[in-house]
Amino acid sequence: LDSLDAAEQFQAAAKREGSQIGVLVDLDVGFFRTGIADPDTAIALCEAITKQSQLRFRGLMCFPGNLLPDSDDSVWRHYADTLGEVLHRLKASGIPVELVSGGSTPTALQSHRNPFLNEIRPGTYAYNDWNEVRLGVATLDDCAARILTTVVSVPSPRKFVVDAGSKTLSSDRNCVDPDSGFGYVVEYPESKISRLSEEHGEITLPDSHLSPPPRVGDRVWIIPNHICVCVNLQNEFHLWDGKATRTLPVDARGLLV
Ligand SMILES: Cc1ncc(COP(=O)(O)O)c(C=O)c1O
């Protein structure tokens, strides 16, 4: 959490339930989403949390979504310095810190560049996706999840439509090249998923594509821009171990955590 308001609401809820909640204070290290950027404000909140009877201050967290593999050294330094300063001052105030949690998929393999972390939270890496490929931290072979789609219409030699729209692929744009479409079509790497409606994905082929487009009923694989959202949109997964498939439900379907 990143405010006294949130801390007090957690405190009240825990009191009502007769329980205790462990909390981390969220620091903003440059992503400008949530979190506290100013060390004085962060320390004041940590101290306030230690005084709440139903809250247990466990440490610090941050999400370095602004950090990419080729980010400048100064951005990495800011990530480490922000945590370092708050940790140093908490130590001086005698407030113990158990967890310092950061990380993301793009920064995972360079986590050692922030010596204060004792936990990282990469999530996308489990399957990887077209975003991570475009960021250069995964290859197409590292992308373990794909969507199998069926061609439902071929309105012109340069365009076909599949049965996967925003309800299947999500509307997330590519984080490296937002206008490049909604994923990667494995059989047509030069194509672009140019427009989505709920149940339809329109795929365009460049003029340089000389062979005929697919036929209605053909299957094409899509690696989505952002696999995390995409998994959340599916009822089940078909796991392929090289010999057979096994179907598993997506337990987190539609959930927020
Ligand atoms: C707070 C937080 N932690 C961890 C992650 C996982 O990061 P990644 O998707 O780069 O693996 C996210 C992703 O959005 C996040 O918001």
Side-chain angles (χ1 to χ4, degrees), residues 1-3 6-7 9-10 21-37 42 45-46 49 57-72 75-76 78-80 82-83 86-87 97-114 116-147 166 169-178 180 182-184 222-234 237 250-257:
L1 49 83
D2 65 2
S3 67
Q9 292 186 40
F10 275 117
I21 301 178
V23 296
L24 302 177
V25 166
D26 183 7
L27 300 186
D28 177 15
V29 293
F31 190 44
F32 306 128
R33 185 176 65 181
T34 59
I36 304 171
L45 180 59
C46 297
I49 289 169
F57 174 73
R58 294 193 62 200
L60 305 175
M61 69 151 298
C62 60
F63 179 59
N66 54 311
L67 260 173
L68 299 175
D70 57 356
S71 288
D72 207 69
V75 189
W76 278 94
H78 178 68
Y79 178 28
T82 308
L83 290 176
V86 176
L87 284 169
V97 173
E98 172 197 336
L99 266 176
V100 184
S101 181
S104 63
T105 295
T107 59
L109 294 179
Q110 297 186 44
S111 303
H112 53 279
R113 292 174 71 179
N114 187 332
F116 301 109
L117 300 175
N118 60 16
E119 177 183 273
I120 54 170
R121 302 185 315 277
T124 306
Y125 84 99
Y127 297 115
N128 279 307
D129 54 26
W130 185 229
N131 274 344
E132 304 302 328
V133 174
R134 292 294 307 266
L135 283 170
V137 297
T139 65
L140 283 172
D141 275 351
D142 296 325
C143 294
R146 299 169 171 195
I147 302 284
S166 57
L169 300 171
S170 88
S171 310
D172 276 24
R173 299 167 80 196
N174 191 270
C175 67
V176 173
D177 185 358
S180 63
F182 295 94
Y184 175 82
I222 293 176
I223 297 176
N225 280 336
H226 191 185
I227 192 64
C228 308
V229 195
C230 199
V231 169
N232 198 250
L233 293 168
Q234 320 302 321
F237 249 80
V250 178
D251 291 335
R253 165 79 153 122
L255 301 179
L256 294 178
V257 287

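For ligands, and for the atoms within them, numbers begin at 1 and follow the listed sequence.
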Atom indices of ligand 1, in the order listed, that fall short of 4.0 Å to a heavy atom of [X]:
| X | answer |
| --- | --- |
| Pro106 | 10 (O) |
| Pro122 | 11 (O) |
| Gly123 | 6 (C), 8 (P), 11 (O) |

May I ask you to identify the nearest protein heavy atom to [atom], giving residue, atom name and distance to one decimal place in Å?
| atom | answer |
| --- | --- |
| atom 7 (O) of ligand 1 | Phe63 CE1, 3.5 Å |
| atom 10 (O) of ligand 1 | Thr105 N, 2.9 Å |
| atom 3 (N) of ligand 1 | Arg121 NH2, 3.1 Å |
| atom 9 (O) of ligand 1 | Thr124 OG1, 2.6 Å |

Heavy-atom closest pair, residues [X] and [Y]:
| X | Y | value |
| --- | --- | --- |
| Ala7 | Ile49 | CB-CG1, 4.1 Å |
| Ser166 | Leu233 | O-CD1, 3.7 Å |
| Leu140 | Ile223 | CD2-CD1, 3.8 Å |
| Arg58 | Glu98 | NH2-OE2, 2.5 Å |

Could you state the interatomic distance from NE2 (His226) to CG (Asn232), rounded to the nearest 0.5 Å?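 Reported value, rounded in 0.5 Å steps: 10.5 Å.
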
Classify the angle between the aromatic ring planes of Phe63 and Phe31 as parallel (below 30°), tilted (30 to 60°) or perpendicular (above 60°).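 It falls in the perpendicular class, over 60°.
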
Distance-only N or O hit between ligand 1 and Arg33, under 3.5 Å: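 Such a contact does occur with ligand 1.
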
